[in-house]
Each structure stands twice: as C-alpha cells, then as structure tokens.
Amino acid sequence: MTPQPPEQSAERGQRRWIYALDVKGTYQQIHRWTGRALQVILVVVPWITVAGRPAVRIDLPARRLYAMGGVFTAQDTILLVLMGLAAAFTLFLFTALYGRLWCGYACPQTVFLEEWIRPIESWLEGSRSLRMARDRLPWSRSIGGARLWDKVWRRGAKWTAFALVAATVAMAFMTWFVGARVIWGGQASPVSYGLTGVLALGMFVDFTWFREQFCNYLCPYARFQGALTDTESLVVAYDDLRGEPRRAVPAKNPPIQASVPQTGACIDCKKCVAVCPQGIDIRGGFQLECISCARCVDACEDVFAKLREKDPNVGPALVGYTALQPASVFRPRTLAYGVLLAVILGSFGMLLAEHHHIAANLDRAPGMLYVIDPDGWTRNTYLLQLTNNEHVPNRYEVTMSEMPSSAEITAPAVVVEPGKTVVMPVIVRIPPHTSGARTLPLMLTVAGGDDAITLATTFKTSGG
Ligand code: SF4
Ligand code: SF4
C-alpha cells in the first residue's frame, strides 16, 4: 500500500498518488459543519426511539423497516418501493439543480476522508511536501535527520488510527441495522459482528489506498452523473475568459504578484491543482472526476485574497460554482423530476395514512355459510389471520359493530409475538327471528398495541 510519488508513477496507466494540499476557506467551513452534522445523525439517530420503537432501523433478518414510529414489513412492499423511488427522484432533482454537491459535501466517502483521514495524515506525516518526500525516500534511508524508525512509526500510527476510524464508522453504520444498544452492548449476533469486520476492512483499504478511485471507478452515482446533469446544473468551473493566458510564476519568486491584469489573471500558481483530492486541474474544463468539493475554489480565493491585499482592483477568484450557461430552476428536466417526485410523495402520504401495525385477514370458515345451533341461534364462523408487525408482543381483542344489539361474539383475546402470525376462529351468533334479511353487514375491529384495524364482512342467515 505504499503510494507511488508522482515522479515514479508517470507511466501511462499507472496510478498517480494524490497528495492533497491542506486548504482553508468558506467552503471548507461548510464542509466541516455539514460533515459534523451528518456524523451526529449517523451516531445519534439509532439511539432514538419514537413511541417505543426505533426511530429508524433496517431490520434485514426480520424484513422490517422502522421509520419515525412506523413499522413496515414485506407486506408494505408498495410503501417501501415508493420510499426508494422518492429517494431516487430527490437525488435526481437535486443533481439536476446542484450537480455533485452530494459527492462534495454529504457522501460518506468524502465526509470521512475530509473529517478524519486527511487531518490524521497531515498530523502524523506532515505537510504535503513532507509526505511526498517521505514516500519518495526508500525505507532504508533517512530524511531531515529522521531515520527508518521515523517512517515506520509514523506509517504504523497512521494505519492504526485509520483502522480505529474504520472500525468505529463500521460499528456506527451497523447500528442502523442491528440497533445501537445491541451492537455497542456486545449483544449482537456473531454474523453482525462479522459483517461489521468486513465493512471495517473495506473502509480501511479505502482510507489507506483506494480513496479517489472509489469515485472514479466504483461509485454508481458518479457513473450516471452525465445523464442527470445538463449545462444549467451547478458545477465548479474555471473562468478561462479572465484567467487565460496564464502568467507563469518564476520558481524562486513569491508566487503572488500585485497588479494582475484583468485578462490573463491566472498566475499559474497551481494551488487549485495541489489541493484537489481527485488530482484534477480544473483549468482544463469540466471533468467527470470532479466531485464539486470546492477545495480549488477556496484555494484560488485564498490566492486572490492575497493579490487583493496588494492591488484592490484585482477581480474575484477564477474558480467558483457556476452553471455552464444561464440557469433556470424551471426547465423541462427539473420540472419532470419535480412532478414525478410530487406524485410519488403524494401516493406515499396517502398510503401511509392508511398504514397499520396489524395485518389482518378475515375468511369465512370453509364448508359453511351459517349453522342453526340447537338453541335456535344462527351461527357464522370466521377464521381471522392476524400478524403482529410490531417489535414487541401485543394482546389483541376483537369486537363487532353494525350487528343487532342482541348479537354475540366469541373471540378470545390473543397475544401475538412480534413478527408472528396466528389464525383464530371468530364466532358470531344472533338469536332467532332477529332479522328477516338473508345477509347482514358485519364489521369486526381488531385492536392491540396502539393500533386498530376494521374488517368488513357479512353475516348469513336463513332469512326466517
Ligand atoms: S476540481 Fe475542485 S471541486 Fe473538483 S474535485 Fe478537484 S478540488 Fe474538488
Ligand atoms: S489557484 Fe487560481 S490563480 Fe492559481 S493556478 Fe489555480 S486558477 Fe490560477
């Protein structure tokens, strides 16, 4: 996993290791606070309960999804499909409007690399130039008085820190599937901990070696970017009209010069290139590898802020967020995504309003419409199939309505374990001569936990 310094990796097709220069600026502050907020969500949400249920949990073994007090099972497939579609179209709409802001600010890969991995690397292995020098140096030689031991302990400490970050993040991810108390309390199954280990290992390899290659070669979202964006989407771009032709900076002179003319404003300091975690020179035009992280924007702004100190007439920085042509929020692509998203959310809302934690199905007992008992009462027997979609056992009771007041129901209360289904008989009887109708409407209400569901059926009689 030893990276190849640029000088040794110039051959075509060979990976060029990227040593991203540290950068500060407005967008990096936004990064920082967005990343911190997302990490708080990642860690804290699995501890929250709503109405005694996990606020959010994807319980794969039980094929159950908990979301804001609701419980969704395999029987709620349509709701789950609508949820997935809503998430997809939100991403499509957001991407059409704002390009790859997700990649630059909210993708876990970016957040963990920016918040933990790059700072740890800088802290333990020094500045960009020092890291390059260390990697260039054979293990057997020294640099700046430091000997092999210096390189060994720094690399060892860095990888140990990366392993700790990977393990912690993997545990945090798994809490969304297994439950925070369960996994942090050591009560999860060996399979869960095994999967956590695999996830941690994958992240460790990503942190130590794979990095930007994940975006360039593996991420499916990055692959279909081109189909989702157009020339009105927000991208990071270089103002070549003002920037070109570039003015080379002599190597031994200070890189920043005053009195930069309005044309050819780029002083070719290459700071925008040095800070790029994707190894891009944004001055070459829009590139698919660009994740819109705006490190180059802050870098160029920093350069121009210093230029402005010497010449207040210097214009704005040359790299910034922009659209390739004047942008309108309302255009065919965004309207299509917006309308579809509204339809999906509307359908989801309507179905959600009718959603229950009880799944119940009522059938007439096979082989009989009605029976006249020896005491003259008319009896109908039904089979009630009842599923408890909650995560705790519940006691269910069945009551009836719409029937004459003299009617009686026999349906003992039943306790159903979470995720289990029971089938129970329900007997309804009416006294003789109650009604001359051959069919009476009958409503059965099943209540348990904090939910109730009403089933409509009919009661059959001889009509006498
Ligand atoms: S070109 Fe700029 S915005 Fe794009 S990845 Fe590189 S630093 Fe980030
Ligand atoms: S940081 Fe700005 S001035 Fe420096 S090379 Fe990049 S575009 Fe040119």
Side-chain angles (χ1 to χ4, degrees), residues 16-32 34-35 95 98-107 109-111 113-115 118 128 211-217 219 221-222 225-226 229 233-251 253-311 314-324:
R16 181 170 58 88
W17 186 263
I18 295 166
Y19 298 86
L21 182 70
D22 294 339
V23 63
K24 291 188 171 68
T26 308
Y27 291 110
Q28 302 321 298
Q29 285 296 325
I30 297 172
H31 266 291
R32 182 135 304 129
T34 310
T95 305
Y98 304 115
R100 290 183 72 171
L101 285 194
W102 161 268
C103 302
Y105 292 84
C107 170
Q109 161 94 352
T110 307
V111 168
L113 282 176
E114 293 298 321
E115 282 293 299
R118 287 191 222 288
R128 177 179 190 253
R211 298 198 182 180
E212 79 286 349
Q213 296 183 104
F214 184 88
C215 313
N216 295 342
Y217 303 121
C219 177
Y221 177 55
Q225 281 296 308
T229 53
S233 303
L234 196 67
V235 291
V236 170
Y238 165 70
D239 185 348
D240 55 355
L241 284 180
R242 285 180 50 239
E244 301 295 321
R246 299 168 199 168
R247 297 198 308 148
V249 180
N253 285 353
I256 295 159
Q257 299 174 5
S259 305
V260 175
Q262 287 305 301
T263 53
C266 175
I267 60 170
D268 204 20
C269 64
K270 294 190 174 60
K271 194 169 178 186
C272 54
V273 184
V275 298
C276 179
Q278 297 292 99
I280 295 171
D281 183 346
I282 194 65
R283 297 171 300 168
F286 176 72
Q287 287 147 78
L288 276 178
E289 292 86 354
C290 175
I291 58 170
S292 277
C293 65
R295 286 172 69 99
C296 54
V297 180
D298 281 333
C300 195
E301 180 52 48
D302 184 48
V303 171
F304 270 67
K306 289 177 181 144
L307 290 174
R308 249 177 252 121
E309 283 173 12
K310 299 185 177 175
D311 181 357
V314 169
L318 294 169
V319 187
Y321 280 114
T322 185
L324 298 181

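Just so you know, ligand 1 is whichever comes first in the structure, and atom 1 is the first atom listed for that ligand.
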Looking at Lys270, which atoms of ligand 2 are within less than 4.0 Å of one of its heavy atoms?
4 (Fe), 5 (S)
Atoms of ligand 1 less than 4.0 Å from [X] heavy atoms?
{"X": "Cys276", "answer": "1 (S), 5 (S), 6 (Fe), 7 (S)"}
{"X": "Gln278", "answer": "5 (S)"}
{"X": "Cys296", "answer": "1 (S), 2 (Fe), 3 (S), 7 (S)"}
{"X": "Ile291", "answer": "4 (Fe), 5 (S)"}

Mind checking whether Val273 contacts ligand 2 via backbone (N, CA, C, O), side chain (CB onward), both or neither, at a 4.0 Å heavy-atom cut-off?
neither
In terms of residue, atom name and distance, what is the protein heavy atom nearest to [atom]?
{"atom": "atom 2 (Fe) of ligand 2", "result": "Cys300 SG, 2.4 Å"}
{"atom": "atom 3 (S) of ligand 2", "result": "Ile267 N, 3.7 Å"}
{"atom": "atom 6 (Fe) of ligand 2", "result": "Cys272 SG, 2.3 Å"}
{"atom": "atom 4 (Fe) of ligand 2", "result": "Cys269 SG, 2.3 Å"}

Value rounded to 0.5 Å, distance of [atom1] in [X] from [atom2] in [Y]:
{"X": "Glu114", "Y": "Gln109", "atom1": "CD", "atom2": "CD", "result": "10.0 Å"}
{"X": "Gln287", "Y": "Ile280", "atom1": "CD", "atom2": "CD1", "result": "5.0 Å"}
{"X": "Ser292", "Y": "Tyr98", "atom1": "OG", "atom2": "OH", "result": "13.5 Å"}
{"X": "His31", "Y": "Thr110", "atom1": "NE2", "atom2": "OG1", "result": "7.5 Å"}
{"X": "Cys300", "Y": "Leu307", "atom1": "SG", "atom2": "CG", "result": "8.5 Å"}
{"X": "Cys293", "Y": "Gln278", "atom1": "SG", "atom2": "CD", "result": "7.5 Å"}

Mind checking whether atom 4 (Fe) of ligand 1 has an N, O or S of Cys290 under 2.8 Å?
yes
Under 2.8 Å from atom 8 (Fe) of ligand 1, can any N, O or S atom of Cys293 be found?
yes
Check the orientation of Tyr105 and Tyr321. Use parallel for under 30°, tilted for 30 to 60°, and perpendicular for over 60°.
tilted
Determine, using heavy atoms of Val275 and all atoms of ligand 1, whether some pair is separated by less than 4.0 Å.
no
Within 2.8 Å of atom 8 (Fe) of ligand 2, is there any N, O or S atom belonging to Cys266?
yes
Could you walk me through whether Glu301 and Lys271 satisfy the salt bridge (charged side-chain N to carboxylate O under 4.0 Å, His left out) test, starting with their C-alpha distance in whole Å, then the side-chain angles of each, then the deciding distance to 0.1 Å, before giving a yes or no?
CA-CA 10 Å; Glu301 180 52 48; Lys271 194 169 178 186; over 6 Å; no
Using the rule given for side-chain contact (heavy atoms from CB on, under 4.5 Å), can you reason through Asp302 versus Val23, listing the C-alpha separation, both sets of side-chain angles and the distance that settles it, and then say yes or no?
CA-CA 9 Å; Asp302 184 48; Val23 63; 5.8 Å; no
Using a 4.0 Å heavy-atom cut-off, say whether Val236 meets ligand 1 through its side chain, its backbone, both or neither.
side chain
So, for Arg16 and Glu212, which heavy atoms are closest and what is the spacing to 0.1 Å?
O-OE2, 4.4 Å
